[in-house]
Amino acid sequence: MAYAFFYISIAAVWVALIVITYGFRPAGLRHWIIAIVTAVISLAYDIILGTQMRLYYYIDPAISNICMVLSGLFLYPPLNVIFSLYLPEARSKVFLYTLIWIGAMLAFEFAGVYTGTLVFTGWRAMPWSAVTYAFTYAWVILLYRYLGKFKNYQLT
């Protein structure tokens, strides 16, 4: 069940991203910059906390590093692109929107734990995952807003 959940999650996120970007909200350069930064941060985070500190692993310790790379490249970046595609412009709505995403990511994480896709050996979802998601969405919001200042500039 762990393998199925892992690969179905990646496939579902990519299907959602493709449907959203081609059918509803096209992604721009700043969305793809967020995807690249997400991949780098996710890989560094998993290397430090998962591999070095051994606080968690994916599916089986023998293949965990492969799963970390796959999720760091193909799961978390498209999720942050989707997050940024629907990020409200009104600052008053951003907090609620972000809380909903944090709740959804915690539910997704708990489903991963339930299926054996994610195994905690020292990590605790509460409070550490919630704090991590809050930090992640804070930098995504800040980077997205910062990059928005340059949307009228042309590359020449």
Side-chain angles (χ1 to χ4, degrees), residues 2 4-50 55-58 67-120 122-155:
F5 183 80
F6 183 74
Y7 290 111
I8 289 170
S9 296
I10 291 172
V13 167
W14 275 92
V15 166
L17 179 65
I18 291 166
V19 167
I20 289 167
T21 57
Y22 286 104
F24 301 101
R25 300 208 176 200
L29 179 61
R30 63 182 168 164
H31 300 101
W32 300 117
I33 291 172
I34 286 171
I36 292 166
V37 173
T38 298
V40 171
I41 291 173
S42 177
L43 292 170
Y45 186 85
D46 278 345
I47 288 168
I48 294 167
L49 297 176
L55 294 176
Y56 58 87
Y57 62 87
Y58 288 83
C67 294
M68 287 178 183
V69 169
L70 291 174
S71 64
L73 296 176
F74 300 111
L75 183 62
Y76 301 118
L79 283 170
N80 281 354
V81 169
I82 294 168
F83 173 82
S84 64
L85 281 167
Y86 287 97
L87 187 63
E89 288 296 323
R91 291 179 189 254
S92 60
K93 295 179 182 180
V94 170
F95 183 74
L96 178 60
Y97 177 73
T98 304
L99 282 180
I100 291 168
W101 268 84
I102 290 171
M105 289 303 295
L106 286 170
F108 178 65
E109 186 172 298
F110 287 131
V113 170
Y114 177 77
T115 61
T117 303
L118 187 57
V119 179
F120 293 151
W123 186 258
R124 299 288 174 253
M126 296 305 282
W128 302 119
S129 292
V131 169
T132 300
Y133 294 131
F135 173 76
T136 298
Y137 292 126
W139 74 254
V140 169
I141 292 165
L142 291 172
L143 181 59
Y144 182 77
R145 300 254 193 243
Y146 176 75
L147 294 172
K149 294 178 182 180
F150 303 103
K151 65 183 173 186
N152 293 327
Y153 293 101
Q154 298 292 326
L155 297 175

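These numbers come from a predicted model, not from an experiment.
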For the residue pair Ala35 and Pro77, what are the closest heavy atoms and their distance?
O-CB, 3.5 Å
Report the C-alpha distance between Tyr56 and Val119 in whole Å, list the side-chain angles of each, state the deciding distance to 0.1 Å, and finish with yes or no for side chain to side chain contact (heavy atoms under 4.5 Å, CB included).
CA-CA 5 Å; Tyr56 58 87; Val119 179; over 6 Å; no
Over 60° means perpendicular and under 30° means parallel, so classify the ring planes of Phe120 and Trp123, tilted if in between.
tilted
Is it true that a side-chain atom of Ser129 and a backbone atom of Met126 form a donor plus acceptor pair closer than 3.5 Å?
no
Yes or no on side chain to side chain contact (heavy atoms under 4.5 Å, CB included) for Ile41 and Trp139, after CA distance, side-chain angles and deciding distance?
CA-CA 11 Å; Ile41 291 173; Trp139 74 254; 3.6 Å; yes
Of all heavy-atom pairs linking Gly50 and Met68, the shortest is CA-CE, 3.6 Å
Is there a donor-acceptor pair closer than 3.5 Å between any side-chain N or O of Arg25 and the backbone N or O of Ile20?
no
Looking only at side chains, do Tyr45 and Thr132 share a donor and an acceptor under 3.5 Å apart?
yes
Stepwise, does the side chain to side chain contact (heavy atoms under 4.5 Å, CB included) test hold for Leu79 with Met105?
CA-CA 10 Å; Leu79 283 170; Met105 289 303 295; 3.9 Å; yes
Under the side chain to side chain contact (heavy atoms under 4.5 Å, CB included) rule, what do Asp46 and Ser71 come out as? Steps first, then yes or no, please.
CA-CA 10 Å; Asp46 278 345; Ser71 64; 4.0 Å; yes
CZ (Phe95) with more than 12 external heavy atoms under 6.0 Å:
no
Show the nearest heavy-atom pair for residues Leu106 and Ala130, with the distance to one decimal.
CD2-N, 4.0 Å
Minimum heavy-atom separation for Phe83 and Thr98, please, with both atom names.
CZ-OG1, 3.9 Å
pair Val69-Phe74: side-chain heavy atoms closer than 4.5 Å:
no
Which atoms form the tightest heavy-atom contact between Ser84 and His31, and what is the distance?
OG-CD2, 3.1 Å
Value for OG1 (Thr117) from OH (Tyr58), rounded to nearest 0.5 Å, stands at 9.5 Å
Measuring from Tyr76:OH to Leu70:CG, what's the distance to the nearest 0.5 Å?
11.5 Å
To the nearest 0.5 Å, how far apart are CG in Leu73 and CD1 in Ile36?
11.0 Å
What is the minimum heavy-atom distance between Pro26 and Leu85, and which atoms define it?
O-CD2, 3.7 Å
Would you please indicate yes or no on a ring centroid separation below 6.0 angstrom for Phe5 and Phe108?
yes
Tyr86 OH: over 12 foreign heavy atoms closer than 6.0 Å:
yes
Given side chains that start at C-beta, do those of Trp101 and Tyr133 come closer than 4.5 Å, heavy atoms only?
no
In Å and rounded to the nearest 0.5 Å, what is the CD1 to OG1 distance from Ile141 to Thr136?
10.5 Å
Note, Leu87 side chain near Val94 side chain (heavy atom, < 4.5 Å)
yes
Taking atom CZ of Phe6 and atom CD1 of Ile10, what is their separation to the nearest 0.5 Å?
4.0 Å
With a 4.5 Å heavy-atom cut-off, do Glu89 and Arg145 have their side chains touching?
yes
Distance in Å, Ile33 CD1 paired with Tyr144 OH, rounded so as to fall on 0.5 Å steps:
12.0 Å
